[in-house]
Structures are given as C-alpha cells and as structure tokens.
Amino acid sequence: EPEVTQTPSHQVTQMGQEVILRCVPISNHLYFYWYRQILGQKVEFLVSFYNNEISEKSEIFDDQFSVERPDGSNFTLKIRSTKLEDSAMYFCASSTVRHEQYFGPGTRLTVT
Amino acid sequence: DAKTTQPPSMDCAEGRAANLPCNHSTISGNEYVYWYRQIHSQGPQYIIHGLKNNETNEMASLIITEDRKSSTLILPHATLRDTAVYYCIVRVAGVGGNTPLVFGKGTRLSVIA
C-alpha cells in the first residue's frame, strides 16, 4: 500500500539554524500539507500546497517558514531560523482531490 | 477552532464494541464528518468519513443522526492495537476542496485486556 514518507525521523538543531524537513507524498496525490504537533498539544495545520503554490496557510506559518516541491516527488518544509518553540513533531500529508488525507510518520524536530 | 465536542477519554474491554460519540451541532450542509486516530506519536490515520448516510468500511462504522448534529464511530471488536486518540472532524470536501483538517483534543480510547 502506498504511503507518505518523511526524513529525517529526528532532527536536532541549534536555535537560529535553518532546517529542511523532507516528505515524499503518495505519487498520484495532488494536494500536500504540513501539520505540526507540539508535545502534549493538538495537531495544528501549517500550510497546504497545490499546483506549485500555497493554497492556504495558518497564522503559525510566518515568514520563517517556506515550502517547496523541488521536483516531481519531494515536498519540503524549511524553517529559516529556528526558535525553541519550533520544537515539535512535523507531519506531512497528501490527498487526492476530494477526501481523506494520508499522513506520514512525522519528523521530530528538537531545537536546543 | 474545532467544531466538534468529544469526551476526553473512554475505556473499552478487548473484543467488545467501542462506541465513540461526537457532537457537531453547528455542522453545515456541505460539511462531512471525518474520523482519524493517532496511535501514540504516529501520524494521524484516516478511518472513515460520511455526509449523512451511515458508512462502514473494514476498520469501522459511522452512524450519523438524521439531523446530522452528532455521530458515533463504532469499532466492532476492539483490540489492544486500537488504543489511540480518536478525532472527529467536520470539513468541507469536494472537487478543488483541499481545506485543512482542524483537530481538537479528541477522545483517548484505552482498550483493556
């Protein structure tokens, strides 16, 4: 069964450093998403992406964040200058036109 | 904010049916009811969705009341592996509709041996 994959599974970085989280969505999916979950809190939407542009973004997704689909398979989330409060699990998801979103296993980002 | 209300936790004996309720009294006519679950810190997993008819798949059944103001997710024979947080989400879906999922706190289901 096709699945969303994410790398790395765990990323440790120092405050102020740039990080890139990578995702490979399911191959025939058209919509891509990033969510995050701070430890012990709710899953929060960050951004959705369709047709090579951002469709919607939350207020969390500020100028420090960017997304890109650099080739036909990868979907990346970049955080330009990480802060302590960016420490969280980051989930990538993808979907077809209509319904269910399929989530990857997540990347645990730890900012020290 | 999430448009649904769920009990924070429930227990269920292994092998019995788990019935997870959800209130969504402000649901709009074009909004679907979705259920996802999250096992430990894994990515959320899609379970089932419905508009107004009851739905069943290999994982679960979804019962939606006639007025669509509430629904129940039924896991017919719960196993220990069904221990997870279950999220009920209402969302517009359709052609061109890639609206994000808005997660609430969900119901933590504990299946007990």
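Every chain is numbered from 1 and lettered A, B, ... according to where its sequence line falls, protein lines coming before strand lines.
Between Phe103(B) and Gln41(A), the closest side-chain pair of non-hydrogen atoms is not below 4.5 Å. No side-chain heavy atom of Tyr33(A) sits under 4.5 Å from any side-chain heavy atom of Leu101(B). Side-chain contact check for Glu56(A) versus Pro100(B): some heavy-atom pair is nearer than 4.5 Å.
In this structure, Phe91(A) and Gln38(B) approach most closely via the heavy-atom pair CZ-NE2, 3.7 Å.
Within 6.0 Å of atom NZ in Lys57(A), 12 or fewer heavy atoms from other residues, nucleotides or ligands are found, so the atom counts as exposed in its surroundings. Applying the 6.0 Å contact sphere to CG of Leu84(A) captures more than 12 heavy atoms from other residues, nucleotides or ligands. Within a 6.0 Å radius of CG in Asp63(A), no more than 12 heavy atoms belonging to other residues, nucleotides or ligands are found.
Under the 3.5 Å distance criterion, the side-chain polar atoms of Tyr36(B) are matched with a main-chain donor or acceptor of Gln101(A).
Cluster membership check: Leu20(B) shares its hydrophobic cluster with Val33(B), using side-chain heavy-atom separations under 4.5 Å among Ile, Leu, Val, Met, Phe, Trp and Tyr. Note on Ile64(B) and Leu73(B): same hydrophobic cluster, where clusters join Ile, Leu, Val, Met, Phe, Trp and Tyr whose side-chain heavy atoms are under 4.5 Å apart, directly or indirectly. Side-chain heavy atoms closer than 4.5 Å link hydrophobic residues (I, L, V, M, F, W, Y) into clusters, and following such links, possibly through other members, connects Val111(A) to Ile60(A). Criterion: ILVMFWY side-chain heavy atoms under 4.5 Å apart, direct or through other members. Under it, Tyr87(B) and Ile63(B) are not part of a common hydrophobic cluster.
For chain B, no part of Glu44(A) is nearby; none of its heavy atoms comes within less than 4.5 Å.
Below 30°, between 30° and 60°, or above 60°: for Tyr102(A) and Tyr46(B) the angle between ring planes is between 30° and 60°, a tilted geometry.
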Practice item. Please step through side-chain contact (heavy atoms from CB on, under 4.5 Å) for the pair Gln37(A) and Ser41(B), ending with a clear verdict. Key: CA-CA 9 Å; Gln37(A) 186 175 32; Ser41(B) 295; 5.8 Å; no
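Interface summary for chain A: among Gly43(B), Pro44(B), Gly106(B), the most heavy-atom pairs under 4.5 angstrom belong to Pro44(B).
Remark: Ile47(B) CD1 to Glu100(A) CD distance equals 12.0 Å, nearest 0.5 Å.
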